[in-house]
Number of protein chains: 2
Amino acid sequence: MSQAAELSCVCGKSGNCVIYNRSVCAAGSAEDLAQLDRISHQRTYARGSVIQAQGEPCDIVGNIVEGVVKLSSTSVNGDDHIVGLLFPSDFFGRLFAEESRFSYEAATDVTLCTMNKPAFERFLVEHPAIEHEMLKATLDELDAVREWAAITNGHTTMQRVATLLYVFSRRAVNQHAKGNAPASRIVHVPLSRRDIADYLGTTPETLSRNIQMLARSKVIRNINAKHFELLNPAELIRHSGETRADLDRIASV
Amino acid sequence: MSQAAELSCVCGKSGNCVIYNRSVCAAGSAEDLAQLDRISHQRTYARGSVIQAQGEPCDIVGNIVEGVVKLSSTSVNGDDHIVGLLFPSDFFGRLFAEESRFSYEAATDVTLCTMNKPAFERFLVEHPAIEHEMLKATLDELDAVREWAAITNGHTTMQRVATLLYVFSRRAVNQHAKGNAPASRIVHVPLSRRDIADYLGTTPETLSRNIQMLARSKVIRNINAKHFELLNPAELIRHSGETRADLDRIASV
DNA sequence: AGCGGCCATTGATAAACGTCAATGTGCCGG
DNA sequence: CCGGCACATTGACGTTTATCAATGGCCGCT
């Protein structure tokens, strides 16, 4: 998900494809890609709509072309927690299971490249080299989820907020970079405060207070609710409690 | 990891093997299993010893035969957080990566069935059906990690403690069950208070207070530091904030 | 069996955080 | 252009939890 936007996509007409971006198809022939193309098609979902509900049988998988999808778990009490965010080129859906343990919901308006799940599963079984790449990608994802869990588990809210802002700033660079564009100082966080809070395991109020704290100390500047200017990246990194190397690794997963 | 202990093991002389238990080898022939047997051997580690250090090149993988292995991430500040616990029959090690993002450490004395990593990787690539099972197992693990992250993220310490105790009680049932043994009321948690606290994202002090709270309200009884008697399972479930079905699913992963 | 060290528990205190309530701000439709 | 509504911010307060410090109990060692 750190690839530039102009990569061609094998599934559908345009946009990123996780299968390609994650190198899953690096081992696939042109015929394989054409076959994938046949079972895929693009689809859009409005912000807030549920792509796949928790516990429901899941029949589609695919990848994000544009927008952000939140992966969340809703408990019996009604409060739900976001266990992951999916960005353009990320794979979504639960392969090889009857139903999804989590719900996939559009955090922004999204465009997806969807595939029929059984068809894609059959494709994988028939193409071991590609399934091998899928395994590697899943192992990477496992590391990333564990790493994020370690961050949310043991750090203060300020550290989580700083980490998130830095990660989003890096992600934006990757998305906007055409060639060697300079790092943008504008950080775009396309999520609502509630979604961010759910992701960080806190409340909108505490989140807001921490954001304003960073703003008062001139680390960031509020442009509007979803845009920030990064005034002092070094201080942001310091607040995150992580090394710059760790942050960059997290951002590049 | 919810399998009974008497399953035979393909790698080494005795004990559980994740490859078998997770059905990864269900698709493998007898010759395949014999080949696996040739590249594996058992090894023991004393409590506290590091099996694989964070960031170090990793050359072995395998599965837990006996004991508990903690998977932890140590930050620059020195405080480490446990992102996972590995039990008998669980797979350990990071396939298809140069180095491990986390450290594997013996939380108790452990017996491992180890394999040379490159050799096992080659084996997987040559046996797509088994690699397919490996992918399914990894996807299951991903769900489990996310589920645990949702629990530690949004719940109170008491809810986490109750959840952990219940999960360990279920796990003990599975481990001890020979045939249809009745559910044991004795819960064995073979970890130090610090390890439990790290796993739950809290401190030993707060953990201790919550345990004593449960003891005072007659939900559990302290036999000693690592053994508890489950006096009121229904109340424990209530304190966990989860449904019984959810807890049982978590325990069986 | 006695000793010493490590681990668990308990207590006091302060900081961090969630909750409830009110105010402010931006966005969309009339 | 204005009103309404959802969202973000700010404030006050109570609870939870981490931290610091001390005590108590268990286990291994000699």
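Given the structure is predicted, the values throughout are model-derived calculations rather than measurements. Letters A, B, ... mirror the listed sequences (proteins, then strands); counts begin at 1. For the numbers below, each heavy atom of this structure counts, side chains included, while hydrogens, waters and symmetry mates do not.
- The shortest heavy-atom contact between Leu200(A) and Val161(A) is CD1-CG2, 3.9 Å.
- Using the six-membered ring where Trp is involved, Phe168(A) and Phe87(A) have ring planes that are perpendicular, over 60° apart on the 30 and 60° scheme.
- A donor-acceptor contact closer than 3.5 angstrom is absent between the side chains of Thr44(A) and Thr111(A).
- In this structure, CD of Gln212(A) is placed 18 Å from P of dC7(D), rounded to the nearest angstrom.
- Separating the CZ atom in Arg101(B) from the CG atom in Asp140(A) is a distance of 12.0 Å, to the nearest 0.5 Å.
- Nucleic acid contact for Asp195(A): none, since no nucleic acid atom lies under 4.0 Å from a heavy atom of the residue.
- Put simply, the side chain of Ser49(A) gets close to the backbone of Ala46(A): a donor and an acceptor are under 3.5 Å apart.
- Distance Arg193(A) CZ to dT10(D) P: 10 Å, rounded to the nearest Å.
- The two atoms that bring Val68(B) and Thr108(B) nearest to each other are N-OG1, 3.0 Å, heavy atoms only.
- Atom-to-atom, NZ of Lys226(B) to C1' of dG25(D) comes out at 13 Å; the value is rounded to the nearest Å.
- Taking 4.5 Å as the limit, some side-chain heavy atom of Asp248(B) sits within range of a side-chain heavy atom of Tyr166(B).
- When all heavy atoms are compared, the tightest approach of Phe228(B) to Ile223(B) is C-CD1, 3.8 Å.
- The outermost nucleotides of DNA chain C lying under 4.0 Å from heavy atoms of chain B, listed 5' to 3', are dA8(C) to dA12(C).
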Checklist entry - When you check every protein heavy atom under 4.0 Å of nucleotides 15-23 of chain D, what one-letter string (B, S, -) results, 5' to 3'? => result --SBBB---
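- Computed from coordinates, the Asp109(B) CG to dC27(D) P distance equals 15 Å when rounded to whole Å.
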